[in-house]
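What follows is a single structure, written as structure tokens, with notes after it.
Positions are given from 1, in the same order as the sequence printed here.
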Amino acid sequence: QLHIVESGGGLVQPGGSLRLSCAASGFTLSNYAIGWFRQAPGKEREKISWFSCSGDSTNYADSVKGRFTISKDNAKKTVYLQMNSLKPEDTAVYYCAAKRAIAGLCPTAYTDWGQGTQVTVSS
């Protein structure tokens with residue numbers, strides 16, 4: 001079974017930083033493409049950062065580009081999201097998700113999701 005757990009959220013002041021972790025188990029991380037999403041109250045879920053299916057490039061939504069950095073440690077089966085220069089509008093529940101990406105397979109939909117971790121940016 002696939003299992004994903006996010007952690008690292010909390011309360012931070014505007015301009016501060018947090019690093020979120022996405023711990024994966026039950027599969028080989030390199031065979032999956034991982035993405036980070038967030039959802040604020042009353043808003044639709046937003047895809048903010050993700051690895052390509054090949055695993056050799058990263059992508060960012062305009063809303064976080066230049067401030068957030070996605071990375072991974074295959075040995076630890078963990079994906080990270082370093083968040084710098086945080087703004088109040090970054091307040092949301094952040095989710096990590098996975099989709100299978102191997103042998104040329106690159107589906108659109110993410111199939112495995114974590115429970116989410118709350119990030120609150122406030123003074």
- State whether the number of non-hydrogen atoms from other residues, nucleotides or ligands found under 6.0 Å of Gln13 atom CD is greater than 12. no
- Item | Nearest non-hydrogen partners of Phe68 and Tyr60, listed with the distance | O-CE2, 3.2 Å
- Any side-chain heavy atom of Asp90 within less than 4.5 Å of one from Arg67? yes
- Would you confirm whether Ser63, through its side chain, and Ala61, through its main-chain N or O, come within 3.5 Å as a donor-acceptor pair? no
- Task: Dump the intermediate steps for side chain to side chain contact (heavy atoms under 4.5 Å, CB included) on Ser122 and Leu11, then the final yes or no.
- Result: CA-CA 7 Å; Ser122 176; Leu11 176 64; 4.2 Å; yes
- Message: Treating Thr91 as the side-chain partner and Val121 as the backbone partner, does any N or O pair qualify as donor plus acceptor under 3.5 Å?
- Response: yes
- Message: Could you check whether Asp62 pairs with Lys65 (Lys NZ or Arg NE/NH1/NH2 to Asp/Glu carboxylate O, under 4.0 Å)?
- Response: yes
- Message: I'd like to know whether Asn84 forms a side chain to side chain contact (heavy atoms under 4.5 Å, CB included) with Ser17, so could you lay out the CA-CA distance, the side-chain angles of the two residues, the decisive distance to 0.1 Å, and finally the verdict.
- Response: CA-CA 4 Å; Asn84 298 326; Ser17 298; 2.9 Å; yes
- Query: Would Phe51 and Lys72 satisfy side chain to side chain contact (heavy atoms under 4.5 Å, CB included), going step by step from the backbone distance to the final call?
  - Reply: CA-CA 9 Å; Phe51 284 103; Lys72 62 181 177 179; 3.7 Å; yes
- In Å, rounded to the nearest 0.5 Å, how long is the span from NZ of Lys77 to NE2 of His3? 12.5 Å
- Query: So do Trp36 and Cys22 actually touch side chain to side chain, heavy atoms under 4.5 Å?
  - Reply: yes
- Message: Under a 4.0 Å threshold between the charged nitrogen and the carboxylate oxygen, would Arg100 count as salt-bridged to Asp112?
- Response: no
- Pairwise side-chain contact, Ile48 with Leu81, heavy-atom cut-off 4.5 Å (strictly under): yes
- Query: Taking it one step at a time, do Asn74 and Ser30 satisfy side-chain hydrogen bond (donor to acceptor under 3.5 Å, both in side chains)?
  - Reply: CA-CA 7 Å; Asn74 287 334; Ser30 61; 5.3 Å; no
- Query: Just checking, Lys99 and Tyr32: is the charged tip under 6.0 Å from the six-membered ring centre and within 45° of the axis?
  - Reply: no
- Query: What distance do Ser71 atom OG and Gln82 atom CD have between them, rounded to the nearest 0.5 Å?
  - Reply: 8.0 Å
- Query: With no hydrogens and no angle check, is any side-chain donor or acceptor of Ser21 less than 3.5 Å from a backbone partner on Tyr80?
  - Reply: no
- Message: Using only atom types and a distance under 3.5 Å, with no angle test, would you say the side chain of Glu6 pairs donor to acceptor with the backbone of Cys96?
- Response: yes
- Query: Do Leu20 and Val119 come close enough that some side-chain heavy atom pair is under 4.5 Å?
  - Reply: yes
- Message: Quick check: closest heavy atoms across Ala33 and Ser52, and the distance to 0.1 Å?
- Response: CB-O, 4.0 Å
- State yes or no: do Leu2 and Ile34 share one hydrophobic cluster built from I, L, V, M, F, W and Y residues joined by side-chain heavy-atom distances below 4.5 Å, directly or via other members? yes
- Message: Do Tyr94 and Gln118 have side chains that approach each other closer than 4.5 Å (heavy atoms only, starting at C-beta)?
- Response: no
- Task: Might you work through the side chain to side chain contact (heavy atoms under 4.5 Å, CB included) test for Leu18 and Leu86, ending with a clear yes or no?
- Result: CA-CA 8 Å; Leu18 285 173; Leu86 285 163; 4.2 Å; yes
- Query: Is the distance between the ring centroids of Tyr110 and Trp50 under 6.0 Å?
  - Reply: no
- Message: Please give me the minimum heavy-atom distance between Pro14 and Ser123, naming the atom from each residue.
- Response: CD-N, 3.7 Å
- Message: Is it the case that the side chains of Thr78 and Asp73 hold a donor-acceptor pair, with the cut-off being a distance below 3.5 Å and no angle test?
- Response: no
- Beyond-backbone contact of Tyr95 with Ile4, side-chain heavy atoms, under 4.5 angstrom: no
- Message: Would you say that Asn59 contacts Ile70 through its side chain, given a criterion of any heavy-atom pair below 4.5 Å between the two side chains?
- Response: no
- Which heavy atom in Gly116 sits nearest to a heavy atom in Val93, and how many Å separate them? CA-CG1, 3.9 Å
- Contact check, side chains of Met83 and Val64, non-hydrogen atoms, under 4.5 Å: no
